[in-house]
Amino acid sequence: MISNDGKDREITETQDTEITEVRDTSRRKFLSTAAFVSLAGTGLAMGLTSCKKEAESGAAVSAGKSGEVSTKVASAVTYGEFEVPPGQLDEYYMFNSGGHSGEARVYGLPSGRLIKRIPIFNRDCESGWGITNESRAIIGTNPDGSLKSTTGDTHHVHGSYTDGTYDGKYLWTNDKINSRLARIRMDYLVCDKITDLPNVQGFHGIFPDKRDPVDPKINHTTRIFCGMEFHTPQPNDGRNENDPKKYYCVLTCVDAESMNVRWQCKIDGNLDLIATSYDGTLVGSNQYNTENGVTYEQMMASEMDACVLFNVARIEAAVSAGKYFTIGESKVPVVDGTKDANKNPKTSLTCYVPVPKNPHGVNASPDEKYFICSGKLSPTATVIDLALVHKWFNGELKGPRDTVVAEPEIGLGPLHTAFDGRGNAYTTLFLDSQIVKWNVDKAIAQFKGDKQVDPVLDRIDVHYQPGHGFTSMGETKELDGKFFISDNKFTKDRFLPVGPRHPDQDQMIDISGDKMRLIADHSVDPEPHDAIIVKRDKVRTRQVNDLNEHPLAVKDAKDCRVERKGKKVTVHLTSQAPAFGLREFTIKQGDEVTVILTNLDKVEDLTHGFAIPKYDINFVVNPQQTKSVTFKADKAGVYWVYCTNFCHALHLEMRSRMIVEKA
Ligand code: K7E
Ligand code: CUA
Ligand code: CA
């Protein structure tokens, strides 16, 4: 299964007539609606049949011959060279989205060890995210005090840039469900801001700019661009449900520092993934619903969709010049980027480059020259030359399609492309369950008419159905071409069975040589979607909090006290192993109680917990950190507040007696 000569697959294919038909090159052109639906099915069947075949030949399967698994892997790829021995640290961080868990995750690579979960849009009872006042203020609350939402769907994590590489300051991730953009500060690796995107549904792709398109002196991230996948009536307030002309999507630009929405751009069709050019001038997004369809059949009606490119400087100039409108109650300026409003390329805000049917994924090449848009329903990847896009914007090209410099046939279901810095692209093939390595210059030569050249250099099977693929430092100018991770959507037989809900997989591939080598299966919780692999020296976390950063910090155990103002009670409390600053405190039934807890321990890793039985309260405070929680003391009685986080030999004794006097 780890061979990359394609032999296993050939045998599989001849055993299954349906799959043979799929692999027939005559069908590798464009896929019709019916073909796609059946292909999606056979794509899965392909994974299964190849497993079955391996099972018969006694090779790597979960059926129990683990000895053979390791023998086979060891002989083929010398697995040990990528192991991280006890006591040694990984070379890279991997920042993963968490899909519909609503969180983000941090792994070490190459070990694949999960080292942190970052709660964002979810409620997390370990850290107290969604429970403490500080986290609730970031998530946002309704007038009645309830959280605005406790669910989310994160797909993409991207970091802030300086000089075309990660600067270790921020990460951003999207919430597709509730159209919110979250920022993570990288010194503590916690979420520090969440912004609602108005007029948006299906907030999917994000990408920070890599420098300012207007001011060449600004060489770092200033804006985040956000793609809207689902078109809705605008405004979406109960009007115009059945008027297709009122449905549209917008690109949203958010300020990186303030996290305020700067502007939106109305477009034809929809947006999906986002890419930004290294010079900051262009933003691209693949469009699979140029039809404005409301059913998938309608969304697949045209042979060609588009990759839309945004001229950022022109859009900002239009906003500054007041050439915008607003939607409903939102005050965000919206410029018109539709084709009708942009007939002259020399003044156009947008350039719609036609690409084959229902593309997915758009990625910027590290040589700064191209955006590569994957075919999904077409077996091709489209290479768009950004210098030619600028020529189009200057009125020097006949049409937007003239910006396309290559469109190689690479395999079935291409989704996302990553790079190695040696001129090669690696595209995930969802339906083929493969990664294909191809050379961009060769693809360009082929497109120019050189029939001899084959841009495809290598293929490797992955298990199974890859979505995103990304390489170490791959979205920066400092990419090193060492590792590729395939985020696989199905794992079937790759891990010990755990019931119907399967884990997903980050499968690791060594791309340093001519041939790709599969080197590790790392299970991941659903659903990883996408990640970035960041060299460890780019990330400089602070391992202990700063006592002074919380204005309400209780800086001395002697300051512990209960303060009352009418029915509002504030408990000022400290923790220091193995005791809370108050061994007991008394409040009255009906009080509104706020507990402010500062952890006075200074030792790295000495975290305490704080839980109140029957009051549904639980959170942790890290060394020198302060958190607070507010609740109604509605139950009279004695409640043992206890430390939930093992901190000391007397951890179990670390308690405080909360007495709630009957009203
Ligand atoms: Cu899963 Cu980036 Cu949301 Cu493609 S997306 S696979
Ligand atoms: Cu403090 Cu356990
Ligand atoms: Ca379409």
Side-chain angles (χ1 to χ4, degrees), residues 155-156 158-161 164 172 174 181 197 200 203-215 218 220-229 248-256 261-288 290 305-319 324 332-339 342 345 348-353 355 359-366 368-374 382-390 392-393 400 403 416-417 475-476 530:
H155 285 226
H156 306 108
H158 290 292
S160 54
Y161 287 79
W172 287 274
N174 70 307
L181 177 71
L197 307 187
V200 173
F203 166 27
H204 191 210
I206 58 167
F207 220 102
D209 62 6
K210 300 181 184 104
R211 60 187 310 133
D212 194 283
V214 186
D215 184 346
I218 301 178
H220 60 264
T221 295
T222 53
R223 305 164 177 79
I224 320 302
F225 298 98
C226 309
M228 169 174 179
E229 198 182 327
Y248 61 86
C249 289
V250 293
L251 175 79
T252 304
C253 174
V254 178
D255 188 278
V261 178
R262 282 194 182 191
W263 48 258
Q264 296 185 311
C265 181
K266 173 185 177 179
I267 51 143
D268 293 315
N270 73 333
L271 299 169
D272 191 11
L273 284 302
I274 302 281
T276 60
S277 65
Y278 277 83
D279 65 2
T281 59
L282 294 171
V283 173
S285 181
N286 61 297
Q287 305 193 279
Y288 66 79
T290 53
D305 282 296
C307 180
V308 58
L309 292 123
F310 297 85
N311 188 318
V312 181
R314 282 189 192 169
I315 291 174
E316 303 233 318
V319 173
Y324 62 79
V332 172
V334 186
V335 296
D336 192 342
T338 60
K339 289 177 195 164
N342 292 276
S348 185
L349 307 180
T350 48
C351 171
Y352 295 79
V353 178
V355 301
H360 186 80
V362 56
N363 297 90
S365 68
E368 311 186 31
K369 291 189 198 159
Y370 310 111
F371 281 172
I372 295 178
C373 193
S374 295
T382 304
V383 182
I384 297 169
D385 184 323
L386 302 184
L388 293 177
V389 172
H390 280 296
W392 183 86
F393 276 120
T403 62
H416 294 281
T417 298
E475 290 175 301
T476 75
D530 192 17

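At least one side-chain heavy atom of Pro400 sits under 4.5 Å from a side-chain heavy atom of Cys351. Side-chain contact between Leu309 and Phe371 is present, with heavy atoms from C-beta onward closer than 4.5 Å. Looking at heavy atoms from C-beta onward, Arg211 lies out of side-chain contact with Tyr161 at the 4.5 angstrom threshold. You'll find the side chain of Ile224 stays beyond 4.5 Å of the side chain of Cys253, heavy atoms only. For the pair Val334/Trp263, no side-chain contact is recorded, criterion being any heavy-atom separation below 4.5 Å from C-beta on. With contacts defined as side-chain heavy-atom distances shorter than 4.5 Å, the pair Ile274/Ile206 does not qualify. Side-chain contact between Lys266 and Thr338: present, with at least one pair of heavy atoms (C-beta onward) separated by less than 4.5 Å. Inter-residue side-chain proximity for Val312 and Asp209 is flagged as unmet; no heavy-atom pair is nearer than 4.5 Å.
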Q.
Please evaluate residues Glu316 and Arg262 with respect to the criterion side chain to side chain contact (heavy atoms under 4.5 Å, CB included), reporting the C-alpha separation (whole Å), side-chain torsions for both, the decisive distance (0.1 Å), and the verdict.
A. CA-CA 9 Å; Glu316 303 233 318; Arg262 282 194 182 191; 3.4 Å; yes
Q) Are Val308 and Val353 close enough, and set up right, to give a side chain to side chain contact (heavy atoms under 4.5 Å, CB included), and what steps lead you there? A) CA-CA 6 Å; Val308 58; Val353 178; over 6 Å; no
Q: Show your working on side chain to side chain contact (heavy atoms under 4.5 Å, CB included) between Ser285 and Phe225 and close with a plain yes or no.
A: CA-CA 10 Å; Ser285 181; Phe225 298 98; over 6 Å; no
Q: Might you work through the side-chain hydrogen bond (donor to acceptor under 3.5 Å, both in side chains) test for Thr290 and Asp305, ending with a clear yes or no?
A: CA-CA 6 Å; Thr290 53; Asp305 282 296; 2.3 Å; yes
Q.
Run Tyr288 and Asp272 through side chain to side chain contact (heavy atoms under 4.5 Å, CB included) and show every step you take.
A. CA-CA 8 Å; Tyr288 66 79; Asp272 191 11; 3.7 Å; yes
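Taking the six-membered ring where the residue is Trp, Phe393 and His390 present tilted rings, their angle falling between 30° and 60°. The aromatic rings of His204 and His360 sit tilted, their planes meeting at an angle between 30° and 60°.
The side-chain hydrogen bond (donor to acceptor under 3.5 Å, both in side chains) check on Asp530 picks up His468, with sequence neighbours excluded.
To the nearest 0.5 Å, the span separating SG on Cys307 from CG on Asn286 amounts to 6.5 Å. Rounding to the nearest 0.5 Å places OG1 of Thr221 at 11.0 Å from CG of Asp255. With rounding to the nearest 0.5 angstrom, the CG atom of Asn311 is 6.5 Å from the CG atom of Leu282. Of the inter-residue distances, the one linking Phe207 atom CZ with Ser277 atom OG reads 10.5 Å to the nearest 0.5 angstrom. With rounding to the nearest 0.5 Å, the separation of CG in Asn342 from CG in Leu349 is 4.5 Å.
Thr276 places no side-chain N or O within donor-acceptor distance of the main-chain N or O of Val283, the cut-off being under 3.5 Å. The backbone N or O of Asp268 lies less than 3.5 Å from a partner atom in the side chain of Gln287, making a donor-acceptor pair.
Considering Ile372, Thr417, Thr403 as possible partners of Val383, the one that fulfils the side chain to side chain contact (heavy atoms under 4.5 Å, CB included) test is Ile372.
Heavy-atom minimum distance, Ala256 versus Arg223: CB-N, 4.0 Å. Listed here is the closest heavy atom pair of Pro359 and Cys373: CB-SG, 3.7 Å. Looking at every heavy atom in both residues, Leu273 comes nearest to Val362 through O-CG1, 3.6 Å. Nearest heavy-atom pair, Glu229 versus Asn270, reported as atom, atom and distance to 0.1 Å: O-ND2, 3.2 Å. Shortest non-hydrogen contact noted between Asp279 and Thr281 is OD1-OG1, 2.8 Å. The two residues Tyr278 and Gly164 make their nearest non-hydrogen contact at CE2-O, 3.8 Å.
With hydrogens and angles left out, the side-chain atoms of Gln264 and Tyr324 include no donor and acceptor closer than 3.5 Å.
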